[in-house]
Amino acid sequence: MTGTRTAADPTEVRRAVEGVADPELPPVTIGMLGMVHDVEVDDDGTVRVELLPTFSGCPATEMIERDVVAAVRAVEGVDEVRVRFRYDPPWTPDRIDTTGRERLREFGIAPPGGAVASPRPEGRPTLPLAIGPASDPRPCPYCGSDTTVRESNFGPTPCRDLRFCERCQQPFEAFKSF
């Protein structure tokens with residue numbers, strides 16, 4: 001007697017991938033951050049996942065890969081999981097969904113307010129990871145005040161910077177705009 005193979009449900013597989021928590025920002029998932037580029041499910045139980053890291057040197061990619069493999073392997077009908085990080089198209093903060101923006105704010109990190117053009121002095125492109133836009137105001141995630149200042153272009157990771165709210169006197173982090 002041969003067993004009947006249960007095919008993995010692509011919707012359930014995608015839900016498992018998107019539900020993986022970001023190891024550096026536990027309140028948000030990689031789905032909320034818009035890091036999931038593509039998910040393919042084959043009839044033989046093989047799943048291929050393509051992810052967009054938030055920056056090219058992200059130290060969390062190995063942890064994210066491990067967590068994605070574990071989450072997808074828990075889905076019935078999955079035998080093998082292959083995870084690939086790709087850099088084209090590049091991830092941008094515009095990919096963060098509404099829920100992710102709200103969770104970041106609740107966590108004390110100011111999400112970007114939308115697309116902000118990068119400065120291009122004299123027509124030359126700059127590295128937004130290094131300096132970010134000259135003017136990129138963010139409301140304070142704690143009190144909502146707009147009287148905030150960027151204290152440093154360099155935060156705990158290359159995709160974040162450090163801000164300070166002049167009203168409530170709280171420091172906070174913000175995702176850089178690219």
Side-chain angles (χ1 to χ4, degrees), residues 14-38 49-68 71 85-178:
R14 186 163 193 99
R15 187 177 307 123
V17 173
E18 291 183 343
V20 170
D22 182 282
E24 293 182 329
L25 302 166
V28 294
T29 67
I30 63 172
M32 292 174 190
L33 290 174
M35 294 175 61
V36 181
H37 179 71
D38 194 26
V49 179
E50 290 185 338
L51 302 174
L52 306 175
T54 56
F55 63 98
S56 62
C58 178
T61 55
E62 288 182 29
M63 289 182 278
I64 293 170
E65 179 178 354
R66 180 198 63 212
D67 293 347
V68 166
F85 287 92
R86 56 182 297 170
Y87 301 94
D88 185 25
W91 178 89
T92 69
D94 296 336
R95 297 180 66 98
I96 302 172
D97 68 16
T98 304
T99 303
R101 290 174 190 275
E102 182 58 25
R103 295 248 180 107
L104 286 171
R105 190 193 62 71
E106 291 169 355
F107 192 59
I109 296 178
V116 176
S118 297
R120 295 182 186 275
E122 301 169 9
R124 292 176 297 164
T126 59
L127 291 174
L129 284 176
I131 63 169
S135 176
D136 185 19
R138 300 290 174 81
C140 174
Y142 300 111
C143 72
S145 171
D146 289 329
T147 54
T148 63
V149 294
R150 180 187 299 147
E151 290 200 318
S152 173
N153 286 320
F154 303 99
T157 66
C159 60
R160 292 183 272 167
D161 60 23
L162 299 177
R163 311 281 176 129
F164 185 78
C165 177
E166 294 178 346
R167 181 175 164 205
C168 72
Q169 303 289 300
Q170 289 290 320
F172 65 95
E173 299 171 15
F175 261 98
K176 293 179 181 175
S177 296
F178 300 106

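If you're wondering where the values come from, they're calculated on a predicted model, not measured in any experiment.
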Query - Derivation of the side-chain contact (heavy atoms from CB on, under 4.5 Å) call for C140 and C168 - result: CA-CA 9 Å; C140 174; C168 72; 3.7 Å; yes
Query - side-chain contact (heavy atoms from CB on, under 4.5 Å) evaluation trace for V20 with T29 - result: CA-CA 5 Å; V20 170; T29 67; 5.9 Å; no
Query raised in the report: Are F175 and T92 close enough, and set up right, to give a side-chain contact (heavy atoms from CB on, under 4.5 Å), and what steps lead you there?
Result: CA-CA 10 Å; F175 261 98; T92 69; over 6 Å; no
Requested in this report: Would you check, one step at a time, whether the test side-chain contact (heavy atoms from CB on, under 4.5 Å) holds for D38 with V49?
Outcome: CA-CA 6 Å; D38 194 26; V49 179; over 6 Å; no
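When side chains are defined from C-beta on, W91 counts as touching I96, because their heavy atoms get closer than 4.5 Å. D67 has its side chain out of reach of I64: every pair of non-hydrogen atoms, C-beta onward, lies at least 4.5 Å apart. For the pair P156/E173, a side-chain contact is recorded, criterion being any heavy-atom separation below 4.5 Å from C-beta on. For the pair F85/E65, a side-chain contact is recorded, criterion being any heavy-atom separation below 4.5 Å from C-beta on. Under the 4.5 Å side-chain criterion, counting only non-hydrogen atoms from C-beta, V36 is in contact with I30. Looking at heavy atoms from C-beta onward, C165 lies in side-chain contact with C143 at the 4.5 angstrom threshold. Residues T148 and R167 fail the side-chain proximity criterion, which asks for heavy atoms closer than 4.5 Å. Side-chain atoms of R86 and L52, non-hydrogen and from C-beta on, do get closer than 4.5 Å to each other.
In plain terms, the two heavy atoms of R14 and H37 that are nearest each other are NH2-O, 4.4 Å. Across every non-hydrogen atom of M32 and G100, the tightest pair is CB-CA, 3.8 Å. Minimum interatomic distance between G34 and R95 (heavy atoms only, all atoms of both residues): O-NE, 2.6 Å. Pairing each heavy atom of P141 with each of A110, the nearest pair is CG-N, 4.3 Å. The heavy-atom pair separating A174 from R138 by the smallest distance is CB-NH1, 3.4 Å. When all heavy atoms of G155 and L162 are compared, the pair lying nearest together is CA-CG, 4.0 Å.
In this structure, CE in M35 is found 8.5 Å from OG1 in T61, a value given to the nearest 0.5 Å. Considering CG of D97 and CD of E102, their distance stands at 11.5 Å, rounded to 0.5 Å. With rounding to the nearest 0.5 angstrom, the CZ atom of F164 is 10.0 Å from the OG1 atom of T147. Of the inter-residue distances, the one linking L104 atom CG with T99 atom OG1 reads 11.0 Å to the nearest 0.5 angstrom. Between the CZ atom of R160 and the OG atom of S152 there is a distance of 13.0 Å, given to the nearest 0.5 Å. Between M63 atom CE and D22 atom CG the span is 9.0 Å, to the nearest 0.5 Å.
With respect to D161 and R163, a salt bridge is recorded, a charged nitrogen being found less than 4.0 Å from a carboxylate O.
Residue E62 qualifies as open at atom CD: its count of foreign heavy atoms under 6.0 Å is 12 or below. A 6.0 Å sphere centred on CZ of R105 holds more than 12 heavy atoms belonging to other residues, nucleotides or ligands.
Between Y142 and F172, the ring-plane angle classifies as perpendicular under the 30° and 60° cut-offs.
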